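Quick caveat, the model's predicted, so the values are computed rather than measured.
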Amino acid sequence: MKTGDRVIVPAEINGYGRDLRAIITEIEEFFGATFVTVIFTEPCPEACGRTGGVYHDFQLIAE
């Protein structure tokens with residue numbers, strides 16, 4: 001995965017209760033762990049335009 005990729009952030013980790021589409025904005029390495037920052041693009045009033053993040057890129061689903 002790379003910056004700009006479109007992904008789906010599963011409901012189990014995004015905090016909004018359903019799978020949401022997003023765009024990767026940043027990928028960082030911390031002590032061997034990968035942290036991925038995304039901006040949600042789903043037409044969900046609570047999430048659209050907000051940022052979120054996951055600690056491992058394998059938690060994301062490529063679109």
Side-chain angles (χ1 to χ4, degrees):
M1 291 190 183
K2 62 186 182 307
T3 301
D5 282 357
R6 293 181 177 272
V7 295
I8 296 173
V9 183
E12 296 83 21
I13 61 173
N14 68 29
Y16 292 103
R18 64 182 172 140
D19 294 352
L20 295 175
R21 288 183 170 81
I23 297 174
I24 296 175
T25 58
E26 191 173 358
I27 300 173
E28 301 174 84
E29 293 286 328
F30 290 110
F31 301 106
T34 303
F35 185 77
V36 181
T37 304
V38 299
I39 291 181
F40 295 111
T41 58
E42 186 78 16
C44 171
E46 308 88 36
C48 193
R50 292 191 178 200
T51 60
V54 298
Y55 280 104
H56 301 285
D57 56 354
F58 65 79
Q59 293 176 309
L60 301 173
I61 302 165
E63 276 197 81

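The shortest non-hydrogen separation linking Ile27 to Met1 is CD1-O, 3.6 Å. Taking both residues in full, the closest heavy atoms of Ala11 and Gly17 are given as CB-C, 3.6 Å, listed atom of the first, atom of the second, then distance.
When the side chains of ILVMFWY residues are joined at heavy-atom separations under 4.5 Å, either directly or via intervening members, Ile23 and Val9 end up in two distinct hydrophobic clusters.
Of the candidates Thr3, Thr37, Val36, Glu26 forms a side-chain contact (heavy atoms from CB on, under 4.5 Å) with just one, namely Thr37.
Within the model, atoms CD1 of Ile39 and CD1 of Ile24 stand 11.5 Å from one another, a figure rounded to the nearest 0.5 Å.
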